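Okay, so here's the structure we're looking at.
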Amino acid sequence: MANAEIHAQPYGDPIAPGRKAAGRALIWGATILLGLVALLQALDAAGNGPLHFETWRPTLYAYVLWAVALGAAQVMIRGEAGQRALFVLPAALYTVAVVIFPTFFGLYIAFTDWNLSSFEGRRFNGIDNLVELFHDSFYWKALGNMVFYVAMVLVEYAIAFSLALLLNAEVRARKFWRVAFLIPFMLSPVAVSWMVGKSLMEVRFGPLAGLAKHLGWSQPNFFGSGWAASFSIEALDAWVSIPFIMILLLAGLQALPKEVQEAARVDGATPWQSFWKITFPLMLPVSATAVVLRIIFKLKLADIVINMTYGGPGGATDTVSSYIFRQYRDRSNVGYGTMLAMFYLVLIIIFVTLLLNFVSKHMKKVT
Amino acid sequence: MTTTEMTYQGTAETSAERNKRVLGRVGIYAALIFWAFVSLFPVYWTITTTFKTARDVTQGHIVPFVDFQPAWIGWRSLGLSPDTINQVSTVRDEFLGRFVNSIIASCGASLLAVLLGSLAAYGLSRFQYKFLWMKNKDISFFFLSQLILPPVVLALPFLVLYKELALLDTRIGIILLYTLTVLPIVIWIMRDQFDTIPVELDEAAQVDGLSVWGVFFRIVMPIALPGMVAAFILSLILCWNEYFFAALLTGTNAKTLPVMVASQTGSQGISWWAMAALATSAIAPLVVIGIVLERYIIKGLTAGAGK
């Protein structure tokens with residue numbers, strides 16, 4: 001589209017005023033069109049528009065058109081700089097459309113009483129949802145569970161570190177072991193929930209339950225009591241995600257300078273000492289990246305819980321995501337569910353910011 | 001290794017050293033075998049269960065031909081066993097529909113994410129932007145910060161928006177959402193990839209008369225292709241296994257494989273052989289990809305984290 005102009009516009013040449021003006025006109029035209037379509041649709045939605053629309057799609061198309069016009073105008077007005085801007089623009093406009101806009105829309109929904117299964121439609125109800133949230137013991141329980149799940153990332157990290165060390169040792173058929181260890185990461189958590197959680201860990205016939213019986217647990221009901229269920233879910237999630245941490249750590253181990261470890265060995269350090277005094281400190285930056293990433297993914301945990309216990313018994317295994325999923329699935333409670341999600345988002349942003357600050361402060365101290 | 005050098009120092013030390021070394025070796029291999037078993041046994045269990053009758057399942061039989069006589073039971077219930085493959089089967093039609101949905105959703109989203117993400121990453125790696133108060137660092141952070149956004153925050157607004165846009169239960173709708181969930185990861189991987197390609201290459205090509213976009217498509221992209229493949233495969237894994245959005249936003253038309261797996265409880269309990277066959281086909285494509293393209297997955301995972 002704008003490609004023909006690219007070659008006509010060599011590096012750093014002044015841009016003709018007419019072309020600039022055309023670019024500006026293009027932006028204004030597209031903006032007015034977008035505004036007009038949106039306004040018409042809003043009027044129609046309010047019940048007194050001159051045109052009738054079945055869906056909001058015209059506004060979506062107008063937005064896409066506006067985005068294209070904006071990109072083309074960038075090249076027309078700013079030439080080379082505009083071409084450069086064109087690299088980031090699509091991703092930015094896309095993100096704005098599918099994240100920023102829905103998030104603000106969600107903020108609005110969060111303050112309404114909106115049940116999709118009732119005929120009343122949405123009704124603004126101020127901070128009622130927020131008040132209800134503070135009295136919702138299930139929600140707070142779910143938040144408490146999140147603390148447990150996030151804390152368990154450290155255990156996952158410890159296991160992943162041992163596995164990475166194993167793979168980094170001089171072993172035969174290293175590629176085979178690496179692929180074997182990586183496989184759980186590829187598996188769908190839903191399939192894992194069913195085939196491992198519900199079949200392999202089944203009380204009567206599951207081999208894992210059989211093993212547990214053998215080890216002295218007479219009634220190996222992995223999902224019966226609250227704590228057992230939490231640990232079982234955590235075990236499933238850990239099984240799927242440990243390879244992820246492991247690969248990051250393995251890459252870190254392989255990038256370590258060999259000389260330092262060699263020097264330590266010559267100085268008579270035992271493997272144990274050289275690990276704690278040399279390898280571990282050197283691995284701290286990679287470890288921090290891996291753990292932070294893993295925590296971020298952990299905060300989204302939902303699919304295994306939904307498929308295994310559906311939050312039960314008594315909300316003991318609920319994550320925030322699975323609880324909100326239940327709010328919607330069982331009660332079609334969009335307004336309240338969104339408020340729960342928004343509150344969670346605020347907590348996550350605070351938590352992750354603190355975490356990143358903590359990590360960067362300590363990384364500075366170490367290095 | 002060092003131990004071999006030490007053998008020259010004296011026989012007294014040698015045997016102790018060697019014992020320790022052998023013990024260490026045995027320990028390492030025992031640990032490797034143990035974890036490989038932990039990683040692979042569930043996959044083995046899933047695949048073998050597809051060949052088990054109800055009795056074999058409830059008695060926890062494990063080894064085929066020894067414990068139980070394998071039969072095509074699970075695959076027959078999906079209409080994919082040798083004797084049913086040529087017959088009409090509604091279950092198979094549904095399964096294939098879900099399978100195709102999954103392929104389209106995950107491939108479409110991954111392609112779109114790699115396209116948008118690579119462009120943005122290249123721009124951020126090469127040029128200095130300034131948009132309002134935001135410089136490159138802030139723009140990168142803006143993209144990466146999307147990663148912490150939990151799906152629940154978007155799920156319900158999207159439910160309402162998609163209803164209004166008639167995108168609920170469509171493949172396009174699910175592709176747009178999946179793209180969003182993997183875009184930050186793609187940008188992260190690709191920026192790292194582009195940073196490793198020397199800028200001098202771009203400059204030389206530009207002196208030769210290529211435009212900015214010409215440089216990207218003709219010079220830089222071919223070099224960064226392995227990185228793009230890595231980003232694509234990683235996105236593919238995440239999208240293929242995604243359940244949360246699919247469960248909320250798809251119904252009869254665009255339902256993906258994980259949703260179908262999750263909704264297999266019948267009134268007479270779970271037919272494990274059918275469940276296992278479904279689970280096997282849900283994990284098989286990725287297991288194959290994992291084995292064949294392992295180095296790309298590792299490349300993708302480690303980009304940016306190694307520093």
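The figures that follow rest on heavy atoms only: side chains count, while hydrogens, waters and symmetry mates do not. Being a predicted model, the structure only gives us computed values, none of them experimental. Here is the naming used below: chain letters follow the sequence lines, and residue numbers restart at 1 for every chain.
- Within the 4.5 Å cutoff, the side chain of A:Val334 has heavy atoms near those of the B:Leu156 side chain.
- A:Ser199 and B:Trp45 get closest at one heavy-atom pair: OG-NE1, 2.8 Å.
- With contacts defined as side-chain heavy-atom distances shorter than 4.5 Å, the pair A:Val98/B:Phe158 qualifies.
- Only the side chain of B:Leu183 comes within contact range of chain A, with heavy atoms under 4.5 Å apart.
- The main-chain N or O of B:Ala166 is found under 3.5 Å from a side-chain atom of A:Arg57 such that the two form a donor-acceptor pair.
- With contacts defined as side-chain heavy-atom distances shorter than 4.5 Å, the pair A:Leu60/B:Leu167 qualifies.
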Enumerate donor-acceptor pairs with a distance under 3.5 Å from any side-chain N or O in residues 292-300 of chain A to protein atoms, sequence neighbours excluded.
| residue | atom | partner | partner atom | Å |
| --- | --- | --- | --- | --- |
| A:Arg294 | NE | A:Glu156 | OE1 | 2.7 |
| A:Arg294 | NH2 | A:Glu156 | OE1 | 3.4 |
| A:Arg294 | NH2 | A:Asp237 | OD2 | 2.8 |
| A:Arg294 | NH2 | A:Ser241 | OG | 2.9 |
| A:Lys298 | NZ | A:Glu156 | OE2 | 2.7 |
| A:Lys298 | NZ | A:Glu234 | OE1 | 2.8 |
| A:Lys298 | NZ | A:Glu234 | OE2 | 3.3 |
| A:Lys298 | NZ | A:Asp237 | OD2 | 2.8 |
| A:Lys300 | NZ | B:Leu147 | O | 2.6 |

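- Proximity to chain A (any heavy atom under 4.5 Å) is restricted, for B:Leu159, to the side chain, taken from C-beta onward.
- Contacts between A:Arg172 and chain B at a heavy-atom distance below 4.5 Å involve backbone atoms as well as side-chain atoms.
- The shortest side-chain heavy-atom distance between B:Leu248 and A:Phe325 falls under the 4.5 Å cut-off.
- Of the two parts of A:Leu93, neither the backbone nor the side chain holds a non-hydrogen atom closer than 4.5 Å to a non-hydrogen atom of chain B.
- Between atom CG of residue B:Leu119 and atom CG of residue A:Leu89 there is a gap of 11.0 Å, rounded to the nearest 0.5 Å.
- Under a 3.5 Å cut-off, the side chain of B:Tyr243 and the backbone N or O of A:Ala302 do not form any donor-acceptor pair.
- Minimum heavy-atom separation, B:Phe142 to A:Ile100: CE1-CD1, 3.9 Å.
- Although no hydrogens or angles enter the test, the distance criterion places a donor-acceptor pair under 3.5 Å between the side chain of B:Asn241 and the main chain of A:Met186.
- Remark: the B:Trp240 side chain and the A:Ser188 side chain contain no N/O donor-acceptor pair separated by less than 3.5 Å.
- The two atoms that bring A:Pro102 and B:Leu154 nearest to each other are CB-CD2, 4.0 Å, heavy atoms only.
- Of the atoms belonging to A:Ile324, it is side-chain heavy atoms, and not backbone ones, that fall under 4.5 Å from chain B.
- For the side-chain hydrogen bond (donor to acceptor under 3.5 Å, both in side chains) test, residues two or more places apart in sequence or in another chain that qualify with B:Asp202 are B:Tyr122, B:Arg126.
- Checked by atom type and distance alone, the side chain of A:Trp56 never pairs as donor or acceptor with a backbone atom of B:Leu161 at under 3.5 Å.
- The shortest distance between side-chain heavy atoms of B:Leu286 and A:Leu187 does not fall below 4.5 Å.
- In this structure the side chain of A:Arg84 never reaches within 4.5 angstrom of the side chain of B:Gln128, judged on heavy atoms.
- Aromatic ring pairs are classed by plane angle as parallel below 30°, tilted from 30° to 60° and perpendicular above 60°; the pair A:Phe181 and B:Trp35 is perpendicular.
- Side chains of A:Val88 and B:Leu124 form a contact here, defined as non-hydrogen atoms less than 4.5 Å apart.
- Atom CZ of B:Arg295 sits in a sparse spot, with 12 or fewer heavy atoms from other residues, nucleotides or ligands closer than 6.0 Å.
- Most heavy-atom pairs under 4.5 Å with chain A: of the set B:Val38, B:Ile139, B:Leu257, this distinction falls to B:Val38.
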